[in-house]
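To start, the structure itself, in C-alpha cells.
Every number for a ligand or one of its atoms is a count from 1 in the order of the listing.
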Amino acid sequence: MSTVKDAIGQATDRLGDEIEALSHKIHAHPELAYQEVQACGWLCDFLGSKGFKVEKGVGGVDTAFRATLETGAGPTIAILCEYDALPGIGHACGHNVIAMSGAGAGAALAAVKNQLPAGRILVIGTPAEEGGGGKIKLIQSGVFSDVDCAMMIHGFDRTLLHQDLLGVARVSFEWAGRAAHASTDPWEGRNALDACVNTFNAVAMLRQQMRPDCRIHGVISYGGAAGNIIHERAVADFNVRGPSLEAMWSLHARVVACAEAAAAAAAVSLTVTRHPDVYEPLRRNQGLLDCFGANLAHAGLAEGPAAPDRLASSDIGNVSQVTPTIHAWIGIAPLGTAIHTREFAAAAAAPGARAGLLSGAKLMALSAVDLLADPVRLRQIKEEFARR
Ligand SMILES: [Zn+2]
Ligand SMILES: [Zn+2]
C-alpha cells in the first residue's frame, strides 16, 4: 500500500506544472453556470490524454462529463469537479482549483493504474454550482446511481475536513392588490407593498426565535411603480437555510406563514412560488472523514482553526443525501480571505494556491486507493450512510 501511495504522491508532483497551468487557464477564462464549454472541453481532453474513457454531456447537461478509469470489478469511487465562475468577479470561489484537484487526482490514479486495487474511478464534471444546481440534474438523471461514495475539495482560507453546509430553499412571493391614486382615493386601493414590507417585518421578528445555524435573507424584487399610486403589485424573493432538511422546511413554512398573514392584513392576494432547485444540507460521514483524516499528513496538509459559524450552501449537499460524500476545504489563500471576493479570485490563481491544489489532488487520490483496497471500510461507510 505504501508503494502505491508514494507513487501517487510522485505522480501528482510530476504532473504539477500541467495541473497548475490548466487551473490558471480555467481561471483566466471564467464561464458562468451551464456555459462552461471551454473548461469542460479542457478537462475532458486532459483526462482523455491520461487514459480515461470520457463522456461529455452526461445526464442531459451539455457541460457535464464523466471520465472513467476501470481496473476490474469492484467499488465505484466518484471524484467531483466544479468549474463555473461568478458573474462579475470571475473565479472568486476558486472552482478552477476544484476542477484541477479533481482532474489531477484522476490523473495521478491513472498514472499508477497497474498498482490500483480493482474498481472504478469516476471523475464527474458537475456544472453550475453557483445557482443552477448542476448536481441536482445529474442526480435526477441517474449519474450517481452506481456510485459507492463521492468526494470533492473546495478551496478556502484554511484546511478543514468538514464544515457544515446548510440546505437552502428559495421561495418567491407575489402580492396582488388594487391600484388607486394615493392622494385622491387611497381608500379604493389595496396595497401590495404593505404586505411585502409586513412580511419582512414579520420575518425580522421570527429571527429572534431562530436557531443560530439557520438563515433567512430576502430582497424586494419589485416594490411598485410610483409613490403616488397605491401599489397593486409587489414581489419578494427569500432564501431559507437550515442545517437539516427538517429544520429548513419547518422554517420555510414559518416564512410562508409570514407572507400569508401579511397578505391578509393588507387585503391583497398572494402567490407563492417554490423554486425547484433546492440545495440540500451536507450529510456528514464519519467513516469518510476518518479515511481523509488518515491521509492528511501524507498529502502535506494540516487542519486549520475551526470556523463553525461560517455556513454556506452547495449542491454537493444533494449528492451527500444520495451517496456517502465528503466535501473537504483546502487552504489555498491566506487566513482571513473570504470566498466570493476579488481577493479570493486573485488568490485562486496565485503561486500560493499551488500547494493546496496539488495537496487536494493527493488527498483524494490517496483516499480513493484506501477505499478501493478496503471493502470492509467501504461497507461501514455505506452502513453509516444508511443509518440516517
Ligand atoms: Zn461559491
Ligand atoms: Zn464554490
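The minimum distance between the Zn ion (ligand 1) and any N, O or S atom of Glu130 involves atom OE2. Looking only at N/O/S atoms, His154 comes nearest to the Zn ion (ligand 2) through NE2.
For Cys93 atom SG and His95 atom NE2, the angle they make at the Zn ion (ligand 2) is roughly 100°, to 10 degrees.
Note that OG of Ser367 is 4.0 Å distant from CG of Asn295, once rounded to the nearest 0.5 Å.
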Worksheet item: Does the salt bridge (charged side-chain N to carboxylate O under 4.0 Å, His left out) test come out yes or no for Asp370 and Lys5, once each step is laid out?
Response: CA-CA 9 Å; Asp370 283 339; Lys5 287 195 161 182; 2.9 Å; yes
Discussion item. Determine whether Glu82 and His154 satisfy the following criterion, side chain to side chain donor-acceptor pair (under 3.5 Å), listing intermediate values before the conclusion.
Written reply: CA-CA 9 Å; Glu82 292 175 358; His154 196 301; 4.7 Å; no
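Annotation for Ala368 and Leu109: closest pair CB-CD1, 4.1 Å, computed over non-hydrogen atoms.
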